[in-house]
Number of protein chains: 2
Amino acid sequence: MAQKNKLQFVILGLLNQQPLTGYDLTKAFDHEIGEFWQAQHSQVYPQLKRLEEQGYITHEITISGEKLEKKLYHITTTGQAILTTWITAGTPELTATKDEFILKLYFIRTSRDPRLPEMLSEQLQLHSEKLQHLQARLTTVFPTKKSQTENFGHYLILQHALGRENYYVTWLQETLAALPHKA
Amino acid sequence: MAQKNKLQFVILGLLNQQPLTGYDLTKAFDHEIGEFWQAQHSQVYPQLKRLEEQGYITHEITISGEKLEKKLYHITTTGQAILTTWITAGTPELTATKDEFILKLYFIRTSRDPRLPEMLSEQLQLHSEKLQHLQARLTTVFPTKKSQTENFGHYLILQHALGRENYYVTWLQETLAALPHKA
DNA sequence: TCCAGCATGTAACGAGTTACATGATTCG
DNA sequence: CGAATCATGTAACTCGTTACATGCTGGA
């Protein structure tokens, strides 16, 4: 079994909104949904092939210009059923994160370790940038109250990620401030 | 290249504190450091072999009882150098988390989706349990002010994880409370 | 005409999980 | 003496990243 194939559900979910090509899906992983899911095209194309073999999606070929063939994928009713089943089922496993910075922290023994201030500052910088990015995303994607009620789940995700980064930044600031001063 | 081998550094870091067997390391991944890093013994043993081939660790064989051979691994000075280099270097990549629940949320279109309350409640339950677990861990592992200054990094990690779960729980509660009431 | 971007695939590899496999020790 | 745990390994497989490979299109 190894691991639970979640990529298939992302793809089914996106195709459930509108027909897309593999290229479109890959772009989505870079942009629209890149905040919470990523995949390269080298994962996307084989997965599309497998989903089609299973009968969850089909494709039609469209021509751009003279002869560039695009495969536009559609979800089937079977695919929709699979998608609904997945969403409706429970999600009892919490994702374990493997944060390299946190791992490094574990090997810092004392609050006077001279590397601590730099390490925390670097993360503060990174997470501040991410926080700003998320703030910008939230106001671009959901500028009005009304827009938040359409695609409500997406709104919740962005707002949740924003809060998470905000906590991370605050924690880094407080931890930095609480370090013993140099003598 | 594929992916950055962080497991090697966890092992080096643990061996830098005291000599351990593969079995001990595997137990540590289940217990002491399981909050922020996990690995099965099927990953640990081959990694130990590779680390020894590279000269970062050595092992001595000890006998338990009549003939049970245990391989007790020690870090070498080369290994210590590698470890220090890794810790001291920057950590500029933020870990992207792939949370299945968050992914499902994305496909919920309206705040009136009947599945939302159950979904949020389930996560609230799970994250509350994790929060309590972390609270218990923190008070067991670091009962006194003094104990927090030894293994300061570990203290920071636990305290950070606690804050993170606390935010998650609060967010779930607030989101649940803000859902439109049933007519 | 050239170059960025569109479009689709495969190959090689490392990371991580589950399962298979074996044997020793300790304690009730 | 039997079961839980100690102890070490390998095999098979999936997930995910980087790199290789090819060709078309549209606009400056």
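Throughout, protein chains are lettered first and strands after them, A, B, ... in sequence-line order, and every chain is numbered starting at 1.
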Between [atom2] of [N] and [atom1] of [X], the distance in whole Å:
{"X": "A/Phe29", "N": "D/dC15", "atom1": "CZ", "atom2": "P", "value": "13 Å"}
{"X": "B/His41", "N": "D/dT10", "atom1": "NE2", "atom2": "C1'", "value": "9 Å"}
{"X": "A/Glu69", "N": "D/dT22", "atom1": "CD", "atom2": "C1'", "value": "14 Å"}
{"X": "B/Tyr73", "N": "D/dG9", "atom1": "OH", "atom2": "C1'", "value": "10 Å"}
{"X": "B/Gln8", "N": "C/dG14", "atom1": "CD", "atom2": "P", "value": "12 Å"}
{"X": "A/Glu100", "N": "C/dA15", "atom1": "CD", "atom2": "C1'", "value": "14 Å"}
{"X": "A/Leu68", "N": "D/dT22", "atom1": "CG", "atom2": "P", "value": "17 Å"}
{"X": "B/Gln38", "N": "C/dA15", "atom1": "CD", "atom2": "P", "value": "16 Å"}

Check: [X]/[Y] side-chain N/O donor and acceptor closer than 3.5 Å:
{"X": "B/His154", "Y": "B/Glu32", "answer": "no"}
{"X": "A/Glu100", "Y": "B/Trp86", "answer": "yes"}
{"X": "A/His133", "Y": "A/Glu35", "answer": "yes"}
{"X": "B/Thr21", "Y": "B/Asp24", "answer": "yes"}
{"X": "A/Thr91", "Y": "B/Lys104", "answer": "yes"}
{"X": "A/Gln47", "Y": "A/Gln43", "answer": "no"}

Any A/Lys49 side-chain N or O less than 4.0 Å from OP1/OP2 of C/dT10: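 The answer is yes; a side-chain N or O of A/Lys49 sits under 4.0 Å from OP1 or OP2.
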So if I take every side-chain heavy atom of [X] and compare against [options], which nucleotide ends up nearest?
{"X": "B/Pro46", "options": "D/dA7, D/dT17, D/dT10", "result": "D/dT10"}
{"X": "B/Tyr23", "options": "D/dC20, D/dT25, D/dC6", "result": "D/dC6"}
{"X": "B/Lys70", "options": "C/dT10, C/dG16, D/dA7", "result": "D/dA7"}
{"X": "B/Lys98", "options": "D/dG16, C/dA19, C/dT8", "result": "D/dG16"}
{"X": "A/Gln43", "options": "D/dG23, D/dG16, C/dT17", "result": "D/dG16"}
{"X": "B/Lys71", "options": "C/dT8, D/dG23, D/dT8", "result": "D/dT8"}
{"X": "A/Gln40", "options": "C/dC6, D/dT17, C/dT10", "result": "D/dT17"}
{"X": "B/Tyr45", "options": "D/dA7, C/dT8, D/dT17", "result": "D/dA7"}

A/Arg50 or B/Ser64, whichever maps to the more 5' nucleotide of DNA chain D: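 By nearest-heavy-atom nucleotide position, the 5'-most residue is B/Ser64.
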Side-chain-base donor-acceptor pair under 3.5 Å for B/Ser42 and C/dT18: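 Between C/dT18 and B/Ser42, which were checked side chain against base, a qualifying N/O pair under 3.5 Å is present.
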Sugar-phosphate, base or nothing in reach of A/Glu66, heavy atoms under 4.0 Å: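 Sugar-phosphate, no base atom in range.
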Sugar-phosphate only, base, or nothing, as touched by A/Lys67 at under 4.0 Å among non-hydrogen atoms: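 Sugar-phosphate contact only - A/Lys67 comes under 4.0 Å of backbone atoms but never of a base.
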